[in-house]
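Per chain, numbering begins at 1; letters A, B, ... match sequence-line order.
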Amino acid sequence: MGLTLYNTLTRKMEEFKPIEKGRVKLYSCGPTVYEYPHIGNFRSFVFIDLLKRYLLFLGYDVHHVTNLTDVDDKIIARCNTEKVSLKKLTDIYKSAFFEDMEILSIIPADVYPAATDHISDMQELVRILIEKGHAYVTSDGSVFFDISSFKDYGILSKVDLTGSIRTERVLSDEYDKENVHDFALWKGWKEEDGDIWWDSPWGKGRPGWHIECSTMSMKYLGEHFDIHCGGVDLIFPHHENEIAQSVCATGKPFVNMWVHCEHLLVDGTKMSKSLGNYYILQDLLEKGYDPTSIRYLLLTTHYRQKLNLTEEGLRASAGAVERLQDIRLRLEALAGDLVKKHSKTYKEVEDQFINSLNRDLNISEGLAVIFDWIRELNRQIENDNIDRHKAAEAISLLKRFDTVLAVIFKGEIILSDNDRQLIREREEARLKKDWKRADEIRDYFQKISIKLEDTPNGTVVKKV
RNA sequence: GGCGUCGUACCCAAGUGGACUAAGGGAGCGGUCUGCAAAACCGCGAUUCGUCGGUUCGAAUCCGACCGACGCCUCCA
């Protein structure tokens, strides 16, 4: 049995079988670039990264597309209040997004299509939907999708819209739709949109939100692809609407597996600005937590489980990360510059890891496998029971695990020649039992945030 | 109201009806090693899985009720 994942579409665990052998076409919903992404957004992005890294670990050729929503109601509102152009505003938050993604060691998608670069593609899809009788134009120049024209509407979210009640918000909606649940494919221009509009066959206006993901996913991955993922809140209406648009336009199945990530809570409740528990990545970095600990914390809770972010949790993660990184340093001290290719020595450990991750990305169990192995390695090192060849083989497996985790081989320390000389001097001082000089040198390194640890195999250098 | 999730030690967290007298991490306590420090190793730590019932030879796992926390139900990861 290979990788199984929980498919929201069927509400069942399913074995993953790619449409094209050895290749995975993956789409994930990206950010709306009107403010700094918050830590909850990164829970999703780290989950998607885990899924992608594990697919790569299994040897798949992964083709990954993530959209950038750079036009929508909130963006336009901010452009108005801050008197900046759409491009200027979204450029700021696009680069902020990419910076944070890099800080958290998230592998970039192959393509990051932006909505505003695909206006004509979206219009073409809307045109097809009108032509096939799935959409209609209203008097204000908007185009709506007619959900009654798609018999499978509700297939993903299991929402039955015939029994829903009109909410106040819907009743006050200014757009002129035939059915309250019909959603906008194209929004006709309104006064408050200012100069943010594009020409279309239906008059000037701008695209609806859902249409961009249908358009861009199909453009870059084909009309039928393997996995579509995002946060649970996107199941309805966003992903439901994507299915409706795509299936009605092409007449083909759209996505095989829908995989959704649960939300992140902060201090036990939903993050919100008014409660003061709203964090962006920078807030946590400023509190002194390092990116690796943050990534580790976001990674270690199963993706379908709510994750509660606390400062205590961040501290605990730092400890766990240190344990993972320490075994690497110990092994490297033993192996020296000996490098071994991937071998069968620790095959059982790797198989256990794969067994865990194959079961719906059970990372907690996978980490338990790694930690058990680390204790065994440490024991062997204590008992002088491991040679440099085995140590080098262990490093090779540790590196392989870290292609999935991306928390172990981090923070290389670059020492100056002078520093290296000082470390040698300290070794000599220690041999001569000159503890005063040895401690002086250690204090010096402490001041430049480097910790020296003495081991039987020599001095190990760590970041504080 | 509809759809859905969760409740496991001080904290985080896995658990695929039977090897569970319940992984793993963090914190704690005791010990070993060590010039000191750190790391590492060894040991201790849930007679119990929200509560109460039921099914079963057997339940953390299945079923029911209740208690509690939470998500979605028009643009939010």
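For A:R323, a side-chain nitrogen or oxygen approaches OP1 or OP2 of B:rC41 to under 4.0 Å. For the OP1/OP2 pair of B:rC41 and a distance below 4.0 Å, the side-chain nitrogens and oxygens of A:N378 include at least one atom meeting the criterion. In this model, the phosphate group of B:rA38 is not approached by any side-chain N or O of A:R442 to a distance below 4.0 Å at OP1 or OP2. One finds a side-chain N or O of A:K270 lying less than 4.0 angstrom from the OP1 or OP2 phosphate oxygen of B:rC72. Between A:R379 and B:rC42 there is a side-chain N or O to OP1 or OP2 distance below 4.0 Å.
Between A:M271 and A:D182, it is A:D182 whose nearest contact on RNA chain B lies nearer the 5' terminus. Of the two residues contacting RNA chain B, namely A:Y6 and A:E376, the nearest-nucleotide position lying further toward the 5' end is that of A:Y6.
Here the side chain of A:N80 pairs no donor or acceptor atom with the backbone of A:A77 at under 3.5 angstrom.
With hydrogens and angles left out, the side chain of A:K433 and the base of B:rC36 share no donor-acceptor pair within 3.5 Å. You won't find any donor-acceptor pair under 3.5 Å spanning the side chain of A:N308 and the base of B:rC12, going by distance alone. Counting atom types as modelled, A:D439 pairs a side-chain N or O with a base atom of B:rG35 as donor and acceptor under 3.5 Å.
Judged by centroid separation below 5.5 Å and plane tilt below 30°, A:F371 does not stack onto the base of B:rG24.
The closest side-chain donor-acceptor pair between A:Y93 and A:D70, if any, does not fall under 3.5 angstrom.
Taking 4.5 Å as the limit, some side-chain heavy atom of A:L329 sits within range of a side-chain heavy atom of A:D326.
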